[in-house]
Every structure is written in structure tokens, then in C-alpha cells.
Amino acid sequence: MFRHVYSFIIMILTATLLAACGGGDKGPAETALKAAEAAIDSAKGEASKYMPDQVKSLESALAAAREKLSKGDYKAVLSEAPTLTAKAQELASAAAAKKAELTKSWEGLSSGMPRVVEAIQSRVDILSQSKKLPAGMSAETLAQAKAGLNEITQQWTAATEASKGGNLMDAVSKASSVKVKAAEVLTLLKMPVPEALKS
Amino acid sequence: MAEKKNPDPWAIPDIGPDTGEKKSESGADAYDATQWHEVQKGETLWKIAEQYYGDGNLYPKIFDANRDTLKDPNRINIGQKLRIP
């Protein structure tokens with residue numbers, strides 16, 4: 001009888017010890033995952049605007065780590081969570097750098113492009129008053145230039161609105177299309193294409 | 001009353017110092033879309049307007065764009081650089 005009781009106590013103690021060993025990683029795993037979540041949340045705000053794909057990938061990795069935590073795979077969480085935290089911090093730095101780059105691009109575009117558009121508008125206005133077009137320019141060419149100018153004006157308005165709305169990525173993308181179109185129209189009008197529009 | 005007269009299309013340009021605007025030609029401004037024309041011997045504003053606009057009657061557009069260096073549409077200098085709006 002005593003032997004049975006003794007064996008039972010040994011079994012209970014062993015089970016408790018095993019549980020304690022596995023569960024010992026639970027707290028640190030939760031803490032590490034919370035730190036990763038906080039780092040990703042913090043980076044997400046700006047990074048979502050400038051690097052949405054990377055944010056998506058990081059969130060998928062975070063969801064996988066959460067699942068591992070829920071399944072009790074604490075060792076895996078302890079191994080992966082610090083990597084996620086580091087990646088989130090790298091993403092925040094990369095997003096800040098991208099924002100600075102886009103801001104610089106937009107500053108150049110927003111100060112330069114209106115002057116290009118103004119030059120095109122001026123020439124189109126003058127040619128519209130001309131009784132005869134210059135050599136090598138047909139009425140069809142001028143009509144194409146006018147349509148191009150209309151498109152440029154609309155796209156530039158959209159780019160400016162995107163910038164005002166804080167969407168620099170979209171603003172620079174739209175302004176880049178304006179640059180391409182403006183170069184086409186300048187060529188149609190036999191005007192010089194500025195250096196900034198050639199790249 | 002001062003009457004604005006058409007420049008003589010056959011007038012020979014004065015040979016004088018180049019007083020044209022040059023600053024924007026330096027290429028420093030990557031977005032500068034200004035078109036410049038360097039006056040050649042025998043050219044007049046009327047001829048230049050005809051070359052760029054197809055219509056010499058539009059010469060006042062060029063004259064107005066170069067008021068800083070041109071005082072008289074009949075007097076342009078060989079080598080002078082004119083802004084073509």
C-alpha cells in the first residue's frame with residue numbers, strides 16, 4: 001500500500017516538474033512576442049505608406065508566431081520574436097529614409113513642374129492665336145499638344161491633392177507621369193526639354 | 001500719341017554688345033523650359049516670330065517677354081539671346 005502511494009507521489013512530482021519546465025518559457029515567450037508586436041505597431045504607421053509589402057510580410061510572420069505561442073511552442077516564439085522586433089526596427093528606419101527621399105523628390109517636382117506647365121501653356125496659347133503654324137507643325141500636332149496639356153494639368157492637380165493628403169508616394173508617382181507627358185508635349189511643340197524631364 | 005509700329009522685317013540688326021539674359025541658360029535649373037533664340041544677322045522680331053509661331057504678326061509676344069533687354073522692337077542685336085514664350 002505504502003509502495004503505491006509512494007509511486008503515485010513520484011508520478012505527480014514528475015508531471016509537475018515536466019509541466020514547470022515547459023511552462024517556464026511561456027512568460028518570456030509572451031513578453032518577447034509583445035515586444036515584437038509593439039515594435040511592429042510602432043513601425044506600421046509610416047511604413048504602411050511607403051513599404052506596404054514589407055509590413056504585410058512582417059504581419060504574416062507575427063501571426064505565425066502568435067499561433068506558435070497558442071500551441072505552446074514557446075521555444076520557437078523565443079527564437080523568432082526578437083528577429084521580428086529587429087526587422088520592425090529596420091523597417092521603421094527604411095520607411096523614414098524612403099519618406100525623406102520622396103519628400104526631396106516632391107519638393108523638386110512641386111517647384112519645377114509648374115514652370116514647365118506654364119511654358120507649355122504659354123506656347124499653346126500663342127500658337128492658338130497664330131494664323132499659320134510654324135514649319136513642320138500641323139494643326140493635328142497642335143491639337144495633340146493641347147490634349148497633352150489638358151492631361152498634364154489634370155494629373156498635376158491629382159498629384160498636388162495626393163501630396164496635400166499626405167500620400168507622397170502617390171504624389172511623386174503621378175508627378176512622374178506628368179514629367180513624361182510634359183516631355184512629349186514639349187517635343188511636339190519643338191521646345192527644349194529640360195534636363196529634369198529627360199531622366 | 002505713341003503708335004506701336006511693326007518692326008521692319010528687312011531691318012538689319014544692330015551689331016552691338018550682347019545684352020541678352022544668360023543666367024537661365026547655364027543649365028543650373030533642371031526644370032527650366034525656357035526657349036532661347038540667338039539673333040542672327042538679318043533677323044527681325046517679325047522673322048523670329050514667324051519661325052517659332054508661324055505668324056510674324058505675333059512678334060509682340062517675343063518683345064513683351066524680353067522687355068528687360070529690349071526697348072524697341074526694331075532694335076535687336078546680333079548674338080542677343082531672346083526668350084521665346
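Just so we're on the same page: letters track the sequence lines, and every chain starts at 1.
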Quick one: what part of B/Q35 sits under 4.5 Å from any heavy atom of chain A, side chain, backbone, both or neither? both
Say you draw a straight line from OH of B/Y31 to OG of A/S110; how long is it, rounded to the nearest 0.5 Å? 8.5 Å
Residue A/K87 excluded, over 12 heavy atoms near NZ under 6.0 Å: no
Sort A/L189 into side chain, backbone, both or neither according to what part of it lies under 4.5 angstrom from a heavy atom of chain B. neither
Portion of A/I126 that has a non-hydrogen atom of chain B nearer than 4.5 angstrom: both
A/V77, A/L62: one ILVMFWY side-chain cluster at the under-4.5 Å cut-off? yes
Identify the heavy atoms of B/Q51 and A/P134 that sit nearest to each other, and give their distance. O-CB, 3.4 Å
Are any non-hydrogen side-chain atoms of A/Q129 and B/N57 less than 4.5 angstrom apart? no
What are the two closest non-hydrogen atoms of B/G54 and A/S130, and how far apart are they? C-OG, 3.9 Å
Hphob cluster co-occupancy, A/L91 + A/L33, side-chain heavy atoms under 4.5 angstrom: yes
Would you mind reporting whether A/L133 and B/Y53 have side-chain heavy atoms less than 4.5 Å apart? no
Residue A/M137 versus chain B: region with a heavy atom under 4.5 Å: neither
State plainly whether one hydrophobic cluster holds both A/L188 and A/I152, where clusters connect Ile, Leu, Val, Met, Phe, Trp and Tyr through side-chain heavy atoms under 4.5 angstrom apart. no
Do A/R123 and B/I84 have side chains that get closer than 4.5 Å, going by heavy atoms? yes
Is it the backbone or the side chain of A/A119 that comes under 4.5 Å from a heavy atom of chain B, or both, or neither? side chain
Is it true that, when you exclude A/K198 itself, more than 12 heavy atoms of the residues, nucleotides or ligands shown sit nearer than 6.0 Å to its NZ? yes
Is the backbone N or O of A/K132 less than 3.5 Å from a side-chain atom of B/D55, with the two atoms forming a donor-acceptor pair by type? no
